Undergrad: 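Before I ask anything, let me first share the structure, which is written out below as C-alpha cells.
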Amino acid sequence: EDEQIVAEIMGRRFFPEVIAYRTWEGFHFAGHEIRITEATDCYGAVVWPSALILCYFLETNSKQCNLVDKNVIEIGAGTGLVSIVASLLGAFVTATDLPELLGNLQHNVLQNTKQKCKHQPCVKELSWGIDLEKNFPRSSCHFDYIMAADVVYHHPFLDELLLTFDHLCKNDTVILWAMKFRLENENRFVDRFQTLFDLEMISNFPSLSIALYKAMRKGRMKA
C-alpha cells in the first residue's frame with residue numbers, strides 16, 4: 001500500500017518536453033498545473049519528496065483539513081510548492097525562507113497563484129530564531145497552520161528551528177510537518193520537539209523514510 005500511494009504521489013510530477021533555459025519541474029495538485037523553477041546549487045531551491053507528501057495530504061484531506069480562509073505560514077518554503085498548493089486550496093499563506101532564496105520563491109509563488117487564488121500569498125524573510133518578535137509579533141500574528149517539509153535535513157540551526165516553532169505556535173495552531181529521516185540528528189530533534197508539542201504521526205511512507213506529523217502544543221491535541 002505504501003508503494004502504491006508513493007507511486008501515485010510521485011506521478012503528480014512532470015517535466016518539460018523541451019529543455020528551457022531555466023530548469024523547472026511541473027506538478028499536478030489542487031486541480032492546477034504548477035511549474036516550479038529550481039536551482040540545483042542549494043538545498044532550499046529543490047523540490048524534495050517530503051513536499052510532495054505534504055501537498056498530497058492537503059489535497060486529499062481537504063474536508064478534515066479545510067484551508068479555506070485559514071491563515072497559514074510555511075517555514076523553510078524553499079521553492080514554494082507547499083505554499084502554492086495551500087493557496088490554491090483557499091488559504092491566506094505566508095511563505096518564508098532565508099533572504100537568498102526569496103527571489104526564486106517569489107517567482108514561483110507569483111507564477112502559479114496570480115489570479116488563481118482567493119487570497120494572494122505573500123513571501124517574507126524568516127531566518128529561524130532571529131527577530132521573531134519584531135517580524136512576527138505574538139500580539140498580531142495568529143496562524144491556524146504552520147507547515148514544514150524537510151526542514152531538519154543537514155541543518156546546524158535546530159535550536160533556532162525549535163524556537164521558531166514555539167514562537168509562531170498559539171494554543172490552537174496545528175503544525176503539519178513532513179520529514180525524511182536520514183541521520184541521528186532528526187531523531188534527536190523529534191525528541192526535543194516533543195518536550196513542547198504533542199506529536200501524532202498521520203502518514204508513514206517507509207519506502208521513502210518519510211513521516212507526516214500533526215502537532216499541537218502540549219495538552220491541546222485531545223482538546
Side-chain angles (χ1 to χ4, degrees), residues 44 50-51 54-55 57-58 61-62 64-110 112-114 117-152 155 157-179 189 192-200 212-221 223:
S50 293
L54 184 47
C55 290
F57 173 82
L58 295 177
N61 292 272
S62 58
Q64 306 96 299
C65 181
N66 184 356
L67 296 183
V68 177
D69 298 331
K70 296 297 194 299
N71 205 7
V72 171
I73 186 168
E74 184 186 4
I75 61 174
T79 59
L81 180 62
V82 172
S83 288
I84 291 163
V85 171
S87 298
L88 293 170
L89 291 171
F92 184 88
V93 177
T94 303
T96 71
D97 215 313
L98 296 169
E100 60 265 29
L101 296 173
L102 295 187
N104 189 57
L105 176 58
Q106 181 76 61
H107 168 79
N108 285 329
V109 167
L110 273 177
N112 291 286
T113 62
K114 195 172 183 180
C117 296
K118 185 175 183 181
H119 308 289
Q120 185 61 39
C122 69
V123 172
K124 191 169 179 178
E125 177 185 342
L126 173 54
S127 299
W128 298 340
I130 298 174
D131 293 332
L132 293 175
E133 182 58 32
K134 176 184 174 184
N135 296 325
F136 299 90
R138 288 179 188 268
S139 59
S140 58
C141 287
H142 183 281
F143 297 105
D144 300 294
Y145 291 92
I146 299 170
M147 297 189 184
D150 241 357
V151 290
V152 177
H155 213 296
F157 301 111
L158 296 184
D159 289 343
E160 291 81 357
L161 175 58
L162 189 61
L163 187 67
T164 301
F165 272 124
D166 185 41
H167 179 84
L168 296 174
C169 191
K170 296 286 200 297
N171 281 344
D172 57 349
T173 302
V174 175
I175 298 170
L176 293 174
W177 170 26
M179 177 169 149
F189 182 78
R192 294 188 55 211
F193 184 86
Q194 289 184 96
T195 65
L196 296 176
F197 302 98
D198 287 320
L199 196 62
E200 174 190 345
L212 177 60
Y213 294 105
K214 172 184 175 183
M216 295 186 76
R217 282 207 175 277
K218 281 283 187 186
R220 296 296 303 179
M221 188 80 82

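Values in this document were obtained by computation on a predicted structure and should not be read as measured data. Atoms considered below: every heavy atom in the structure, side chains included; atoms not considered: hydrogens, waters and symmetry mates.
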Undergrad: Could you pull out the closest heavy-atom pair between Asp97 and Leu102, with the gap in Å?
TA: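 Asp97 and Leu102 have their closest heavy atoms at O-CD2, 3.6 Å.
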Undergrad: Do Ile75 and Leu161 touch side chain to side chain, with heavy atoms closer than 4.5 Å?
TA: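 In contact.
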Undergrad: Under the side chain to side chain contact (heavy atoms under 4.5 Å, CB included) criterion, do Phe57 and Leu176 qualify, and how do the steps go?
TA: CA-CA 10 Å; Phe57 173 82; Leu176 293 174; 4.1 Å; yes
Undergrad: Check whether any side-chain N or O of Lys124 sits under 3.5 Å from a backbone N or O of Asn135 as a donor-acceptor pair, and report yes or no.
TA: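 Yes, Lys124 side chain to Asn135 backbone: donor-acceptor pair under 3.5 Å.
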Undergrad: Which donor-acceptor pairs under 3.5 Å do the side chains of residues 87-94 make with protein atoms, sequence neighbours left out?
TA:
unit_1 : atom_1 : unit_2 : atom_2 : d
Ser87  : OG     : Ser83  : O      : 2.8

Undergrad: So does Arg217 get a backbone contact from the side chain of Lys170, meaning a donor-acceptor N/O pair under 3.5 Å?
TA: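 Absent.
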Undergrad: Could you measure the distance from the CD atom of Gln120 to the CG atom of Leu110? Nearest 0.5 Å is fine.
TA: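 Here the rounded value is 6.0 Å.
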Undergrad: Please walk me through it: do Phe193 and Thr195 pass side chain to side chain contact (heavy atoms under 4.5 Å, CB included)?
TA: CA-CA 5 Å; Phe193 184 86; Thr195 65; over 6 Å; no
Undergrad: Evaluate the side chain to side chain contact (heavy atoms under 4.5 Å, CB included) criterion for residues Leu168 and Leu126: first the C-alpha distance (whole Å), next the side-chain angles of each, then the deciding distance (0.1 Å), finally the verdict.
TA: CA-CA 11 Å; Leu168 296 174; Leu126 173 54; 4.2 Å; yes
Undergrad: Sort and list the pairs that fulfil salt bridge (charged side-chain N to carboxylate O under 4.0 Å, His left out) and have at least one residue in residues 68-95, not counting sequence neighbours.
TA: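 Of all non-adjacent pairs touching residues 68-95, those that pass salt bridge (charged side-chain N to carboxylate O under 4.0 Å, His left out) are Asp69-Lys118.
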Undergrad: Show the nearest heavy-atom pair for residues Ala178 and Leu54, with the distance to one decimal.
TA: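 So the minimum-distance heavy-atom pair works out to CB-CB, 4.3 Å.
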Undergrad: I need the minimum non-hydrogen distance between Asn104 and Thr79, along with the two atoms involved.
TA: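 Taking every non-hydrogen atom into account, ND2-CG2, 4.4 Å.
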Undergrad: Hey, does Phe165 have a side-chain heavy atom less than 4.5 Å from the side chain of Leu196?
TA: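 The answer is no, as the side chains (C-beta and beyond) never meet within the 4.5 Å cut-off.
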Undergrad: Check whether any side-chain heavy atom of Glu160 sits under 4.5 Å from a side-chain heavy atom of Ile130, and report yes or no.
TA: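 No, too far: nothing below the 4.5 Å cut-off.
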Undergrad: List the atom of Cys169, the atom of Ile175, and the distance in Å for their closest heavy-atom pair.
TA: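 For Cys169 versus Ile175, the nearest heavy atoms are SG-CD1, 4.2 Å.
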Undergrad: Which atom pair, heavy atoms only, marks the closest approach of Val109 to Pro121?
TA: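 Closest approach of Val109 to Pro121: CG1-CG, 3.4 Å.
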Undergrad: In sequence, state the C-alpha distance, the side-chain angles, and the governing distance for Met216 and Phe197, and then conclude on side chain to side chain contact (heavy atoms under 4.5 Å, CB included).
TA: CA-CA 5 Å; Met216 295 186 76; Phe197 302 98; over 6 Å; no
Undergrad: Side chains of residues 138-148: which donor-acceptor pairs under 3.5 Å do they make with residues two or more places apart or in other chains?
TA:
unit_1 : atom_1 : unit_2 : atom_2 : d
His142 : NE2    : Asp172 : OD1    : 3.0
His142 : NE2    : Asp172 : OD2    : 3.4
Asp144 : OD2    : Asn71  : N      : 2.7

Undergrad: Of all heavy-atom pairs between Leu163 and Leu132, which one has the smallest distance, and what is that distance?
TA: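 Smallest interatomic distance, heavy atoms only, reads O-CD1, 4.0 Å.
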Undergrad: How are the rings of Trp177 and Phe189 set to each other: parallel, tilted or perpendicular (split at 30° and 60°)?
TA: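 Perpendicular.
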